[in-house]
Structures are given as C-alpha cells and as structure tokens.
Amino acid sequence: MIDTHCHIEIEDYKNIEQILENCKKNGIDKIIVSGYDLESSKEAVKLADKYDAIYATVGFLPEVLQKENSYDLNDLEILLQNKKVVGIGEIGLDYYWYKDNKEEQKKLFISQIKLALKYNKPIVIHCREAIQDCYDVVKKYSNLKGTMHCYSGSVEMAKEFVKLGLYISVGGVSTFKNSKNIKEVINELDLEYILLETDSPYLTPEPYRGKRNYPYYVGIIAEKISKIKNIDLKTIEIITTSNACKLFDF
C-alpha cells in the first residue's frame with residue numbers, strides 16, 4: 001500500500017526509522033510527505049533524498065499569504081528538479097481559516113496549477129469550505145491530473161472532480177461514526193478513482209482517534225473501504241496502489 005499524503009514533523013525525526021519499519025511490517029512500501037510552505041517542502045525533499053520509501057510533494061497553501069515575502073514560485077521550480085518530487089501540493093483554497101483574501105488565494109492556486117502543467121506533475125488539492133470555487137478553478141485547465149486531498153464534499157461533486165481527471169483521497173475521517181459524506185462517496189465512487197492517505201499526524205483513524213496518527217495506519221483506512229464497498233481487502237490494496245502509481249509515476 002501507499003500513504004499518498006502525510007506530514008513528517010520535527011518530533012518524528014528521532015524515530016523515523018521506526019516509523020518506516022512499522023510501515024514495512026504493515027505492507028506500506030511508499031509514503032508521500034507533502035509540503036505546504038517553503039520550509040516544509042524543503043524538509044519533505046530532504047527526507048525523500050535520505051530514505052528510499054519516502055517521496056515528496058511541494059507547494060504553498062493559502063497560509064503563506066499571511067506573511068510578507070514568505071513564498072517564491074522560483075523556489076518551487078528548484079525543488080521540482082529533484083527526481084523524488086512527484087507532485088505539487090498541498091495547494092488549494094481554504095475559506096475556513098482565511099475568508100478575506102479569496103482572490104489572492106485563487107491567484108496563488110492558479111499559479112501553482114500552471115507550474116504543475118509546465119512540469120507535467122499532479123497536484124494535491126487542499127479544499128476547505130471552498131468546493132465550488134475550487135471546482136471552477138480546476139475545470140478551466142485540461143490535461144490536469146491530481147487528487148482531492150482529505151475529500152469532504154458531496155458524492156455529486158466528487159463525481160464532477162473525477163470527470164476532470166482527479167482522484168479522491170480517503171483518510172481517517174472515513175472511520176469516524178459521524179462521517180456520513182465520505183462514506184457515501186466511498187460507496188458510490190468506483191474504486192479506480194480512490195487513493196489512500198493518512199494526513200498524519202492529523203485525523204487519526206479509529207480506534208486510535210485522539211492520539212497521534214502515523215503512515216502505517218493506512219491499512220485501517222483500506223479495511224474501512226473494504227467494509228463499505230463489500231470488496232475484499234486485497235483488491236482494495238491492489239487497486240488503490242495501482243491508482244497511486246499511475247498518478248504519481250514513482
């Protein structure tokens with residue numbers, strides 16, 4: 001299996017070998033560490049260079065707009081030259097935390113989409129309370145590939161994003177008792193369009209909710225999908241892994 005989206009933080013560095021060993025024991029042979037600003041993007045690339053099992057995506061979330069001179073697209077272009085960088089992200093729109101700069105967010109999002117097209121890289125989309133604007137931006141670009149990270153929208157919108165060539169990433173929220181939307185999406189969507197992710201250290205799946213999340217919990221998410229879709233676990237593992245390999249071209 002592949003954890004297509006996680007974050008390795010400073011406190012993980014002292015036990016990262018153990019994390020990777022636990023991944024191996026649980027059938028996870030690749031993890032993608034995602035950047036969201038310049039510092040985290042550089043760290044993701046550094047980890048990818050050091051460990052065979054780690055790959056990186058690099059990008060700027062809307063939060064970088066809160067600080068002056070905190071991002072430069074030229075920095076992303078430099079990082080994209082690294083062969084272990086498999087995508088641009090996470091990027092996107094966040095109207096939950098940032099409501100007053102929507103047009104600036106869109107400009108930053110679009111500039112990184114254009115960079116992805118230039119380098120033929122998939123994008124990893126963060127979308128919070130901005131689903132329609134996110135869709136309206138993405139639909140303008142043909143030949144775009146990517147995934148809706150930690151998807152929380154409706155079944156109908158999930159199908160619209162799939163029509164645009166995007167995958168839907170499923171994480172620990174799918175195991176929560178009150179997570180109606182994503183369970184409906186899993187049930188209705190063809191497995192060919194689903195990816196696995198943990199978003200660790202956040203959104204820890206049941207039965208570990210409330211504790212720190214790790215990439216090796218991705219198997220719990222696969223099991224949940226298996227139960228919802230009534231498809232055997234091995235098939236879930238094979239198809240979602242194949243999906244990730246097609247998208248990220250390891």
Side-chain angles (χ1 to χ4, degrees), residues 1-6 20 22-34 52-57 84 86-90 116 120-127 138 143-176 179-200 203-206 213-250:
M1 288 177 288
I2 298 172
D3 181 0
T4 63
H5 191 106
C6 67
L20 293 175
N22 288 342
C23 283
K24 189 175 181 181
K25 288 178 181 177
N26 286 277
I28 297 110
D29 64 351
K30 292 182 182 68
I31 67 173
I32 300 176
V33 178
S34 290
D52 289 343
I54 296 179
Y55 292 80
T57 62
K84 294 291 291 288
V86 295
I88 296 181
E90 52 185 292
N120 191 31
K121 297 286 187 181
I123 57 174
V124 179
I125 301 174
H126 169 106
C127 180
V138 172
N143 301 318
L144 190 63
K145 53 189 178 181
T147 180
M148 297 298 295
H149 152 62
C150 196
Y151 184 76
S152 60
S154 67
V155 172
E156 292 74 22
M157 284 304 296
K159 290 179 178 178
E160 292 303 312
F161 282 113
V162 164
K163 288 178 185 176
L164 297 179
L166 302 181
Y167 289 86
I168 303 297
S169 290
V170 176
V173 175
S174 63
T175 69
F176 300 171
S179 58
K180 182 181 177 183
N181 274 20
I182 190 60
K183 288 173 184 171
E184 290 178 350
V185 170
I186 292 167
N187 187 53
E188 292 288 330
L189 211 60
D190 194 296
L191 193 55
E192 302 288 338
Y193 305 112
I194 293 176
L195 299 178
L196 305 178
E197 66 163 65
T198 62
D199 200 24
S200 57
L203 299 176
T204 312
E206 298 285 4
N213 198 3
Y214 293 99
Y216 47 83
Y217 288 158
V218 78
I220 297 172
I221 297 154
E223 289 175 5
K224 187 65 179 180
I225 294 172
S226 172
K227 290 177 182 176
I228 292 172
K229 296 189 76 64
N230 195 26
I231 297 174
D232 67 277
L233 180 58
K234 191 64 180 175
T235 299
I236 302 295
E237 293 173 356
I238 290 171
I239 294 179
T240 56
T241 298
S242 175
N243 294 344
C245 290
K246 287 175 185 174
L247 179 61
F248 293 106
D249 191 21
F250 300 104

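In this text the structure is predicted, and so the values were computed from the model without any measurement.
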Residue list, side chain to side chain contact (heavy atoms under 4.5 Å, CB included) with [X], at least two apart or on another chain:
| X | answer |
| --- | --- |
| C150 | E197, L203 |
| S152 | none |
| N143 | none |

Output for pair (L233 CG, I238 CD1), nearest 0.5 Å, gives 10.0 Å
Donor-acceptor contacts, no H, no angles, side chain residues 241-250, under 3.5 Å, sequence neighbours left out:
residue	atom	partner	partner atom	Å
T241	OG1	E237	O	2.7
N243	ND2	L191	O	2.9
N243	ND2	E192	O	3.3
N243	ND2	I194	O	2.9
N243	ND2	I239	O	3.3

Decide yes or no for [X] and [Y]: does some side-chain heavy atom of the first lie under 4.5 Å from some side-chain heavy atom of the second?
| X | Y | value |
| --- | --- | --- |
| L189 | V155 | no |
| K159 | E188 | yes |
| L195 | V170 | no |

Check whether the side chains of S169 and T147 place a donor and an acceptor atom closer than 3.5 Å, and report yes or no. yes
Correct closest heavy-atom pair for G172 and I221 would be N-CD1, 3.7 Å
Of T4, L20, T198, V218, the residue whose pairing with I31 passes side chain to side chain contact (heavy atoms under 4.5 Å, CB included): L20
According to ring-ring contact (aromatic ring centres under 6.0 Å, His included), does anything in residues 148-171 pair up with another residue at least two apart or in another chain? List the pairs. H5-H149, Y135-F161
Going by salt bridge (charged side-chain N to carboxylate O under 4.0 Å, His left out), name the residues that satisfy it together with K163, two or more places apart in sequence or in a different chain. E160
Given T57 and S34, is the side-chain hydrogen bond (donor to acceptor under 3.5 Å, both in side chains) satisfied, shown in steps? CA-CA 5 Å; T57 62; S34 290; 2.9 Å; yes
